[in-house]
Amino acid sequence: MDLARRAAAGVVALTIGLFAAVSWSSPALAVSWERNQATRGTVDNGYAKDCTAADPFSNSVACWQPYGDVLWVSNNSSLGDTPTAVWWNYYPSDSTLYRQGTCTFTSAGWGYCNKDMHENSLIKLRICDSPDADRQCWTSIISTRA
């Protein structure tokens with residue numbers, strides 16, 4: 001009997017230890033948000049090919065330029081909106097979120113955020129009216145490759 005109790009206690013202790021290890025390590029697996037302010041630039045439509053639909057309220061768009069890993073954001077709003085491209089990068093199997101972030105442009109015209117993505121990894125992006133937590137995102141998410 002004593003041996004059976006010790007074995008049961010060992011199993012319980014092992015189970016609690018494994019649960020604690022999993023619970024404490026989970027936050028380390030979370031992917032934090034990269035927040036960037038775009039730099040004014042001139043987009044080369046020959047390189048920036050994959051673009052979101054225009055935001056129906058601000059007319060802003062976000063485009064991905066695979067050559068150089070550049071995210072472009074246009075600010076065509078006359079309403080004072082702050083267009084923000086929201087992006088997600090999946091690697092290596094297209095199902096594991098590797099990085100995520102925002103690229104916000106506060107001036108008129110085009111701005112860019114230079115990112116360094118893994119070659120051929122999946123990138124999803126969309127354009128939103130503002131950089132707040134309650135973003136107004138009116139466009140679909142598009143998928144492209146780095």
Looking only at heavy atoms, what is the nearest atom pair of A85 and I127, with distance? N-CD1, 4.0 Å
For residues K115 and N89, is any side-chain donor paired with an opposing acceptor at under 3.5 Å? no
Anything under 30° is parallel, anything over 60° is perpendicular, the rest tilted; go ahead and classify W72 against Y112. tilted
Gap between atom CD of Q37 and atom OG1 of T82 - 0.5 Å precision: 8.5 Å
Test item: I123 and S143 side chains (from C-beta on) under 4.5 Å apart, heavy atoms: no
CZ of R126 to OG1 of T52, rounded to nearest 0.5 Å, is 9.5 Å
Just so I know, are the side chains of R40 and F105 near enough to count as touching, which here means a heavy-atom distance under 4.5 Å? yes
Note: P83 and V73 closest approach over all heavy atoms is O-CG1, 3.9 Å
Apply ring-ring contact (aromatic ring centres under 6.0 Å, His included) to W64 and list each qualifying residue two or more places apart in sequence or on a separate chain. none
State, with a plain yes or no, whether a side-chain heavy atom of D44 is found less than 4.5 Å away from one of Y67. no
Are side-chain heavy atoms of K124 and W87 found at a separation under 4.5 Å? no
Under 4.5 Å between side-chain heavy atoms, counting indirect links through other Ile/Leu/Val/Met/Phe/Trp/Tyr residues: same cluster for I141 and V61 or not? no
Do N75 side-chain atoms and S107 backbone N/O form a donor-acceptor pair below 3.5 Å? yes
At what distance, to the nearest 0.5 angstrom, does CG of L71 lie from SG of C103? 4.5 Å
Could you check whether T102 and T104, counting side-chain N and O atoms only, form a donor-acceptor pair closer than 3.5 Å? no
Look up atom OH in Y90 and atom OG in S95, then write down how far apart they are to the nearest 0.5 Å. 9.5 Å
Distance check, rounded to the nearest 0.5 Å: C63 atom SG versus I142 atom CD1? 7.5 Å
R99 vs W88, test: side chain to side chain contact (heavy atoms under 4.5 Å, CB included). Steps then yes/no. CA-CA 6 Å; R99 294 169 65 190; W88 301 268; over 6 Å; no
From Y98 atom OH to S93 atom OG, the distance as rounded to the nearest 0.5 Å: 13.5 Å
Can you give me the closest heavy-atom contact between L125 and A62, atom names plus distance? CD1-CB, 3.4 Å
Under 3.5 Å donor-acceptor, N76 side chain and N59 backbone: yes
Below 4.0 angstrom, N of the basic side chain to O of the carboxylate: do D94 and R145 qualify? yes
